[in-house]
Amino acid sequence: SQKIEQNSEALNIQEGKTATLTCNYTNYSPAYLQWYRQDPGRGPVFLLLIRENEKEKRKERLKVTFDTTLKQSLFHITASQPADSATYLCAPPHTGRRALTFGSGTRLQVQP
Amino acid sequence: DAGVTQSPTHLIKTRGQQVTLRCSPKSGHDTVSWYQQALGQGPQFIFQYYEEEERQRGNFPDRFSGHQFPNYSSELNVNALLLGDSALYLCASSALAGANEQFFGPGTRLTVL
């Protein structure tokens with residue numbers, strides 16, 4: 001069955017540094033992959049979508065890569081700020097359709 | 001634009017009861033998906049509605065059912081509640097013809113005692 005793995009341990013970094021979060025998937029070849037941000041007690045918020053034919057996608061301080069050979073996506077936040085502290089979720093489509101399969105998320109804590 | 005709205009915000013039920021959760025999609029969206037999120041986990045896909053029909057379903061029992069109305073709003077019904085049904089229930093809307101991103105509501109926190 002499809003499996004999405006994100007580092008369950010929280011990532012603690014210093015303000016101004018680059019945060020890198022990892023998403024690995026198995027038994028799966030998604031046509032695209034999305035990243036969401038979720039704050040405690042709130043619904044996820046869409047950040048970026050990257051398609052299988054795109055190696056890299058950028059939006060302001062965010063960068064996502066998609067390596068279909070390694071079956072891995074990396075999510076980077078440069079010049080991180082305490083306001084970036086949240087849980088970040090990796091989400092390929094659910095069995096190729098419009099619903100999503102989410103990883104368990106990685107909690108990022110940016111220290112001032 | 002109010003975005004995706006859900007009601008109620010919180011709900012407490014006892015085992016064996018039935019519950020109905022409601023969702024209004026973002027303006028212009030015709031597809032509604034429901035997710036269950038247990039504490040410390042990512043959202044798990046329950047089912048998706050489009051044109052008032054269930055189009056896809058995740059690995060959830062028949063106790064979970066839904067409905068979509070002509071105005072695209074949706075309901076999630078859960079029968080014979082179990083303690084394990086305690087979770088945050090999220091509704092997400094999207095436009096079938098368009099980008100694949102989903103817009104989530106704030107969720108309904110269901111506690112089963």
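Proteins get letters first, then strands, A, B, ... in listed order; numbering begins at 1 in each.
Hydrophobic clustering (side-chain heavy atoms under 4.5 Å, transitive across Ile, Leu, Val, Met, Phe, Trp, Tyr) keeps Leu88(B) apart from Leu83(B). Linking ILVMFWY side-chain heavy atoms closer than 4.5 Å, directly or via other members, places Phe45(B) and Leu100(A) in a single hydrophobic cluster. Placement of Val32(B) and Val4(B) in two distinct hydrophobic clusters is found when ILVMFWY residues are connected by side-chain heavy-atom separations under 4.5 Å, directly or transitively. If you chain together hydrophobic residues whose side chains sit under 4.5 Å apart, Phe104(B) and Ile46(B) never meet in one group. One hydrophobic cluster holds both Val64(A) and Leu11(A) under the rule that ILVMFWY side chains link at heavy-atom gaps under 4.5 Å.
Interface residue Pro43(B): backbone and side-chain heavy atoms are both found under 4.5 Å from chain A. Of the atoms belonging to Gln6(B), not a single heavy atom falls under 4.5 Å from chain A. In this structure, the portion of Gln38(A) lying under 4.5 Å from any heavy atom of chain B is its side chain and not its backbone.
Between atom CD of residue Gln41(B) and atom CZ of residue Phe102(A) there is a gap of 13.5 Å, rounded to the nearest 0.5 Å.
Residues Leu90(B) and Pro44(A) approach most closely at CD1-CD, 3.8 Å, considering heavy atoms.
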